[in-house]
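All chains are named by letter (A, B, ...) in the order of the sequence lines, taking the proteins before the strands, and each is independently numbered beginning at 1. Values below: every heavy atom of this structure, side chains too, minus hydrogens, waters and symmetry copies. Please read these numbers as outputs of a predicted model, since none were measured by experiment.
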Number of protein chains: 2
Amino acid sequence: MTDATTGTTALAHEVLAAVLQVRAGSLQVVLWERAMEPHAHKWSLPGGSLRADEDVEASIRRQLAEKVDVRKVSHVEQLAVFSAPDRVPGPRVVATAFLCLVPSHLDPELPPDTAWHPLDALPPTAFDHETIAIRAQNRLRSKLSYTNIGFALAPPAFTISELRELYSAALGYRVSATNLQRVLARRGLLVPTGETAKPGRAGGRPAAQFRFADTRMAVTDPFAVLRPPAGDGAIGRTY
Amino acid sequence: MTDATTGTTALAHEVLAAVLQVRAGSLQVVLWERAMEPHAHKWSLPGGSLRADEDVEASIRRQLAEKVDVRKVSHVEQLAVFSAPDRVPGPRVVATAFLCLVPSHLDPELPPDTAWHPLDALPPTAFDHETIAIRAQNRLRSKLSYTNIGFALAPPAFTISELRELYSAALGYRVSATNLQRVLARRGLLVPTGETAKPGRAGGRPAAQFRFADTRMAVTDPFAVLRPPAGDGAIGRTY
DNA sequence: TCAAAAGTGTTCGCCATACACCCATGG
DNA sequence: CCATGGGTGTATGGCGAACACTTTTGA
């Protein structure tokens with residue numbers, strides 16, 4: 001495996017996706033059941049090997065296309081590299097893992113060996129894929145509080161109650177609709193559509209509908225303790 | 001390069017380190033000057049290829065040992081994968097980049113072709129190494145405000161003034177000693193050593209010395225908008 | 001006694017939460 | 001007209017920033 005002229009070691013590189021969506025009130029991930037060894041009948045993250053003409057992000061989008069309609073993926077972000085020498089049996093494979101999100105109003109068709117699984121009740125998983133899936137969940141949970149990443153979980157228009165369900169499911173605890181509304185509004189993330197949703201059979205006031213102002217991820221809570229002074233007191237080389 | 005039995009493509013994998021330290025009032029990075037093509041006389045991040053028996057973190061620590069005394073590195077953290085097909089000329093090389101920090105009281109010996117360079121005045125750099133170095137700088141700046149990562153830049157004991165200099169240099173703007181002291185104290189990160197530093201030639205009150213309570217990175221500002229309710233209202237499967 | 005540097009007390013404003021109360025609809 | 005769910009007003013507590021003021025030293 002070693003190239004004597006360069007001293008480099010050739011190895012395989014794969015990309016893996018943790019595709020997350022809120023379904024039936026819980027955060028779920030796409031897994032496919034392995035038919036063959038190694039780890040037959042265990043569940044794996046979708047992915048595959050990196051080709052010569054693509055970078056890792058292009059690769060994960062291509063690989064996903066074989067499992068779900070990639071146009072339904074609303075956000076893709078690099079998670080980390082997993083490189084333990086024995087992470088898969090046989091020849092060495094290094095993996096770059098991604099967090100991908102699908103908005104809740106879509107239900108992409110999946111191949112027969114592939115299914116959604118709640119992150120808090122995963123089936124037996126292959127290799128280090130459970131670690132990767134949990135890491136993706138944690139990344140999403142963190143980013144929900146200081147970015148606008150909620151747009152990637154939500155349909156184009158929604159009521160605050162619906163959004164509250166999504167946040168609650170993704171975060172794993174009840175979120176107050178009142179505060180969710182205020183926090184997102186203050187940050188300028190919510191735009192009223194003018195439409196209202198019809199009340200359910202039990203009655204109640206019709207809910208106003210909103211959409212997210214932006215559909216690209218941005219940090220919305222600079223959370224910067226020790227932030228620059230008001231006068232933008234940037235320093236040059238010395239001070 | 002393609003293995004017909006698996007469909008995988010073999011490629012080289014390298015690890016690169018952005019080793020940062022506050023020196024002479026500015027944040028600097030270790031670079032070495034390339035003697036040979038490609039990119040002769042341009043400056044590169046230290047690193048090298050991943051070996052078969054090590055993961056990427058073990059690899060970067062081994063590679064660094066050839067440039068700086070690794071025992072002087074106080075923090076190592078994965079940054080991202082850089083994988084553009086043409087990021088280096090010749091055979092494909094995918095890189096995993098790391099952020100590494102050296103506390104300010106140490107001055108590791110460097111090989112003759114290697115030197116510290118301020119991040120805001122980088123020399124001509126090879127490949128995508130400038131992007132990686134700047135990404136490392138941004139990661140450090142973010143983490144200074146919501147983690148205890150300052151410990152990795154600071155000597156074992158320091159005065160608030162000295163710590164202020166470090167934070168100012170790393171962040172690129174003046175930081176108030178008053179608020180720095182209060183923020184870190186409230187979070188329980190600072191422990192008084194009992195010692196005081198002698199005033200300089202201009203006189204002044206002697207400064208109390210402190211150390212960091214922890215020397216492993218931890219998130220100290222949960223900054224969690226939408227945090228769990230006081231009663232820890234975790235939800236099970238449905239609600 | 002004065003200048004310089006370190007450290008503290010206090011005020012201010014913002015933000016996230018909690019909670020009470022008002023609004024609009026179906027039955 | 002009442003139950004139900006949606007939405008708003010308001011009080012509270014905490015935190016970060018700013019700034020004035022006190023403390024302790026060298027000259």
request  = Taking side chain to side chain contact (heavy atoms under 4.5 Å, CB included) as the test, write out the residues that go with B:Ala213, two or more places apart.
outcome  = B:Val191

request  = Could you list the residues that satisfy side chain to side chain donor-acceptor pair (under 3.5 Å) with B:Asp128, not counting sequence neighbours?
outcome  = B:Arg87

ask   = If you look only at pairs with a residue in residues 74-84 of chain A, which of them pass as a side chain to side chain donor-acceptor pair (under 3.5 Å), with sequence neighbours excluded?
value = A:His75-A:Glu77, A:Glu77-A:Arg139, A:Glu77-A:Lys143

query = Roughly, in whole Å, what's the span from CD in B:Glu165 to C1' in C:dA6?
reply = 14 Å

key: Sequence neighbours excluded, every pair satisfying salt bridge (Lys or Arg N to Asp or Glu O under 4.0 Å) that has a member inside residues 152-162 of chain B   = none

task = Take the protein atom CG of A:Leu144 and the nucleotide atom P of C:dA16, then report the distance between them rounded to whole Å.
result = 15 Å

message = From CZ of B:Arg164 over to P of D:dA18, roughly how many Å is that when rounded to an integer?
response = 13 Å

query = In whole angstrom, what separates B:Tyr173's OH from D:dA18's P?
reply = 11 Å

OP1 or OP2 of D:dG16 under 4.0 Å from side-chain N/O of B:Arg187 = yes

query = Can you tell me how far C1' of C:dG7 sits from CZ of B:Arg186, to the nearest Å?
reply = 16 Å

task = Quickly work out the B:Asn179 CG to C:dG7 C1' distance and round it to whole Å.
result = 13 Å

ask   = Separation of B:Leu180 atom CG from D:dA18 atom P, in whole Å?
value = 13 Å

request  = Round to a whole Å and report the spacing from CG of B:Leu163 to C1' of C:dA6.
outcome  = 14 Å

request  = Under the side chain to side chain donor-acceptor pair (under 3.5 Å) rule, collect the residues that match up with A:Arg135, sequence neighbours excluded.
outcome  = none

query = Can you give one letter per nucleotide of nucleotides 4-11 of chain D, 5' to 3': B if a protein heavy atom sits under 4.0 Å from the base, S if only from the sugar-phosphate, - if neither?
reply = BBBSBBB-

key: Ion pair check, A:Arg23 and A:Asp107, cut-off under 4.0 Å   = yes

